2 protein chains.
Amino acid sequence: MTNLVGDRSPISDSVGDYLKAIWTLGGGQPVSTSDLARQLGVSPPSVSGMLVKLNDSGLVDHERYHGATLTPGGTREALRLVRRHRLIELFLVNHLGYAWDEVHEEAEILEHAVSDQFVEHLDILLESPTHDPHGDPIPTADGALPETPDRRLTDTAAGARFRIFRLLAQDPVSLTELADLGLKPGVEVLMLETEEGDTLHLRLEDGEVSLSRELSNLIEGEPIG
Amino acid sequence: MTNLVGDRSPISDSVGDYLKAIWTLGGGQPVSTSDLARQLGVSPPSVSGMLVKLNDSGLVDHERYHGATLTPGGTREALRLVRRHRLIELFLVNHLGYAWDEVHEEAEILEHAVSDQFVEHLDILLESPTHDPHGDPIPTADGALPETPDRRLTDTAAGARFRIFRLLAQDPVSLTELADLGLKPGVEVLMLETEEGDTLHLRLEDGEVSLSRELSNLIEGEPIG
DNA sequence: CCACGAGATTAGTCATGCCTAAATTAAAGA
DNA sequence: TCTTTAATTTAGGCATGACTAATCTCGTGG
C-alpha cells in the first residue's frame with residue numbers, strides 16, 4: 001500500500017491554492033507578490049514567505065523582487081487542481097441541482113478534499129466532459145487543455161457584424177445579474193457592435209436585451225472588424 | 001479551513017473528529033483518553049490537551065482523570081457529522097460506483113469539506129434515506145436517529161432456529177473478505193446455530209457459506225434461545 | 001493502609017501558515 | 001545621477017494541533 005489515504009494530494013491545500021493562483025494570473029508570465037496576495041486574500045508578507053518555500057520545493061521559480069512562475073512540476077499540480085475544480089463544478093450543476101453561479105466556492109473547498117478515485121468516478125459519471133459550466137476547458141488527467149472552440153460566427157439574418165463573446169466568470173453577484181438577463185455560459189450570445197449611450201445591445205437565443213456598460217465589462221473579446 | 005462561506009461548520013475538522021469519536025466509543029458513557037487516542041490515531045497527551053479545550057468550549061464534559069462525555073451541544077455537532085458521513089457514503093455507493101466497503105475513508109474527509117447546502121442536495125438526491133450502505137441509521141437534519149428495524153425472523157423451511165444478525169462494519173479488510181462470501185449489509189443473512197470446529201454455517205439468499213470464527217466476530221447478536 | 005503501575009496530565013517543542021511593523025529594493029522622474 | 005515611493009522582503013508573533021519526555025493520580029493488591 002503506497003499511501004494510507006490511498007491517493008490524495010502530496011501538497012497542502014494552501015500550496016495548491018498558491019499554484020492555482022499563479023497559473024490563473026500568470027498565463028506563463030511572472031506573477032507579482034501583491035497580485036497573488038490580492039487573489040488569495042492574504043497579506044503580501046505571507047506570499048513572500050510562501051514563495052520561498054515553493055521555490056525551494058521546486059514547484060515555483062521565484063527570484064527576489066521579480067515575481068513567480070510555475071515550474072513544469074508546479075504547472076502539473078495546478079492543472080490537476082483545475083481539473084478537479086471544474087469537474088466538481090460541472091457535477092454540482094448537472095447532478096446536484098446547483099445553479100451555475102453557485103458552485104465556485106463549494107468546488108474551491110472540495111477540490112482539495114476529494115481523492116483521485118473520486119475525480120475519476122466523476123469523470124466517468126460526466127462522460128469525460130471537456131468544458132465546465134462556465135465554459136472553461138477541463139484539463140485531462142494527463143494535463144492537456146482541451147481547445148475551447150472558436151465561437152465566432154458569420155452572421156445570419158440582419159447582415160450586421162457581430163460575434164459570440166465569452167463570459168468572464170469572476171464576480172458571483174454580477175454573474176447573477178447577467179443570468180437574470182438570460183445571459184449565461186453555454187447560451188449562444190451575440191453582441192451587436194451598436195452602442196447607444198451607456199448600453200450595449202445583445203442578441204440572445206430569443207430576442208434582444210440591453211446591457212449596462214458596467215456589466216459589459218464581464219464579457220471579453222473584440223467585435224469583428 | 002474556516003467559515004468564510006457562511007454555510008460551513010463553526011468547528012475545526014479536528015474538533016469534529018474528537019466529538020465523533022466520543023459519540024462512537026461512548027454511547028453516553030464516559031470515554032477514556034487512551035481509547036480516544038487509539039481511535040483517532042494520535043498520542044494520549046494530544047487528547048488530554050484537546051479535551052481541556054473541548055471542555056472549555058462547552059462541547060464536552062471532562063473531569064481530569066475521569067473520561068469525557070458529550071454535552072448536548074457536542075452531541076448535536078457529532079450527529080451533524082455522522083449524518084454527513086453516512087449520506088456521503090450512501091451517495092458514493094449509489095451514484096458514483098464505489099463498492100460499499102471502499103467509502104469510509106473518502107467520507108471521513110468529505111464530511112468536513114462539504115457545505116450544509118451540499119448535504120441537503122444529497123439528501124434530496126437520495127430521497128431522505130434512513131440507513132447508510134453499512135446498515136447504520138442516518139441522523140435526520142435535526143439530530144434524530146431513525147430506528148434500525150429489528151431483523152429477527154421466525155424461521156421458514158428447515159425448522160432450524162436462527163436469526164438475522166447485523167454486520168459490524170469496522171475493518172475494511174475483513175469487510176472485503178465478507179463481501180467476497182456474498183455477505184454484506186442489506187443482504188438477508190441468517191446465521192445457523194450449528195458450529196463445527198472453527199466455522200459457522202450461514203444461510204444467505206442463495207445457498208449456504210461457511211465462515212471462519214475470526215470473521216464471525218464481525219457479526220453481532222445472539223441466537224434466539 | 002500503603003506502594004505500585006497503568007493511564008492521564010503537564011512541560012516543552014515543532015511545523016504550518018497566517019499576521020503587523022519595520023526594513024529594503026527597484027525603478028521612475030527630476 | 002539622485003530622490004522618492006511603491007512593492008517586496010525580513011523580523012518577530014500568534015494560533016492550532018501534533019509530538020516526546022517527565023510527572024502525577026487513581027485504584028488495586030499485598
Side-chain angles (χ1 to χ4, degrees), chain A residues 4-5 8-22 25-26 29-69 74 77 81 108-109 111-113, chain B residues 1-5 8-22 25-26 29-69 74 77-78 81 108-109 111-113:
Chain A
L4 254 195
V5 190
R8 232 158 278 270
S9 174
I11 64 176
S12 72
D13 291 7
S14 192
V15 163
D17 286 335
Y18 277 84
L19 298 178
K20 206 153 51 88
I22 295 170
L25 295 175
Q29 295 307 112
V31 178
S32 74
T33 297
S34 41
D35 283 353
L36 273 175
R38 199 172 314 111
Q39 172 83 7
L40 292 165
V42 301
S43 69
S46 299
V47 174
S48 267
M50 182 61 89
L51 287 180
V52 169
K53 290 185 210 169
L54 293 177
N55 188 74
D56 290 351
S57 68
L59 293 164
V60 157
D61 284 328
H62 176 240
E63 205 178 346
R64 283 179 51 192
Y65 293 101
H66 293 287
T69 53
E77 282 303 319
L81 280 171
E108 200 62 35
I109 308 258
E111 69 189 17
H112 300 296
Chain B
M1 196 168 303
T2 16
N3 194 6
L4 292 179
V5 184
R8 234 160 276 271
S9 175
I11 64 177
S12 71
D13 291 7
S14 192
V15 164
D17 286 335
Y18 277 85
L19 297 178
K20 205 155 50 89
I22 295 170
L25 295 176
Q29 294 308 112
V31 178
S32 73
T33 298
S34 43
D35 283 352
L36 273 174
R38 199 173 313 110
Q39 172 83 8
L40 293 165
V42 302
S43 69
S46 300
V47 174
S48 268
M50 182 61 89
L51 286 180
V52 170
K53 291 184 209 168
L54 293 178
N55 188 74
D56 291 350
S57 68
L59 294 164
V60 156
D61 285 327
H62 176 238
E63 206 178 346
R64 285 175 63 205
Y65 293 103
H66 292 287
T69 55
E77 281 303 318
L81 281 171
E108 199 63 35
I109 309 262
E111 69 188 18
H112 299 297

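Just so it is clear, the model here is predicted, and its values are computed rather than measured. Chain letters run A, B, ... following the sequence lines, proteins first and then strands; every chain starts at 1.
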Could you walk me through whether B:E108 and B:L81 pass the side-chain contact (heavy atoms from CB on, under 4.5 Å) test, one step at a time? CA-CA 9 Å; B:E108 199 63 35; B:L81 281 171; over 6 Å; no

Identify whether the distance between the nearest side-chain nitrogen and carboxylate oxygen of B:E77 and B:K20 falls below 4.0 Å. no

Using a cut-off of less than 4.0 Å, is there contact between a side-chain N or O of A:S34 and OP1 or OP2 of D:dT8? yes

Which part of the nucleic acid, if any, lies within reach of A:T33 when heavy atoms closer than 4.0 Å are counted: base, sugar-phosphate only, or nothing? sugar-phosphate

Outermost DNA chain C nucleotides near chain A [under 4.0 Å, heavy atoms]: C:dG17 to C:dA27

Keeping the roles fixed (side chain from A:S57, backbone from A:K53), state whether a donor-acceptor pair exists under 3.5 Å. yes

Nearest-Å distance for atom pair CG/P, residues A:L51 and D:dT10: 11 Å

Pairs flagged by salt bridge (Lys or Arg N to Asp or Glu O under 4.0 Å) wherever residues 32-46 of chain B is involved - sequence neighbours left out: B:D35-B:R38

Chi angles and distances behind the side-chain contact (heavy atoms from CB on, under 4.5 Å) call for B:L19, B:I11: CA-CA 10 Å; B:L19 297 178; B:I11 64 177; 4.0 Å; yes

Checking A:D61 side chain against A:T69 main chain: does a donor-acceptor pair fall under 3.5 Å? no

Going 5' to 3' along nucleotides 16-26 of chain D, which nucleotides have protein heavy atoms under 4.0 Å from the base (write B), which only from the sugar-phosphate (write S), and which from neither (write -)? -SSBBB--BSS

A:V47 and A:Y18: CA distance, side-chain angles, deciding distance, side-chain contact (heavy atoms from CB on, under 4.5 Å) verdict: CA-CA 9 Å; A:V47 174; A:Y18 277 84; 4.1 Å; yes

Which heavy atom in A:P44 sits nearest to a heavy atom in A:T33, and how many Å separate them? O-CG2, 3.6 Å

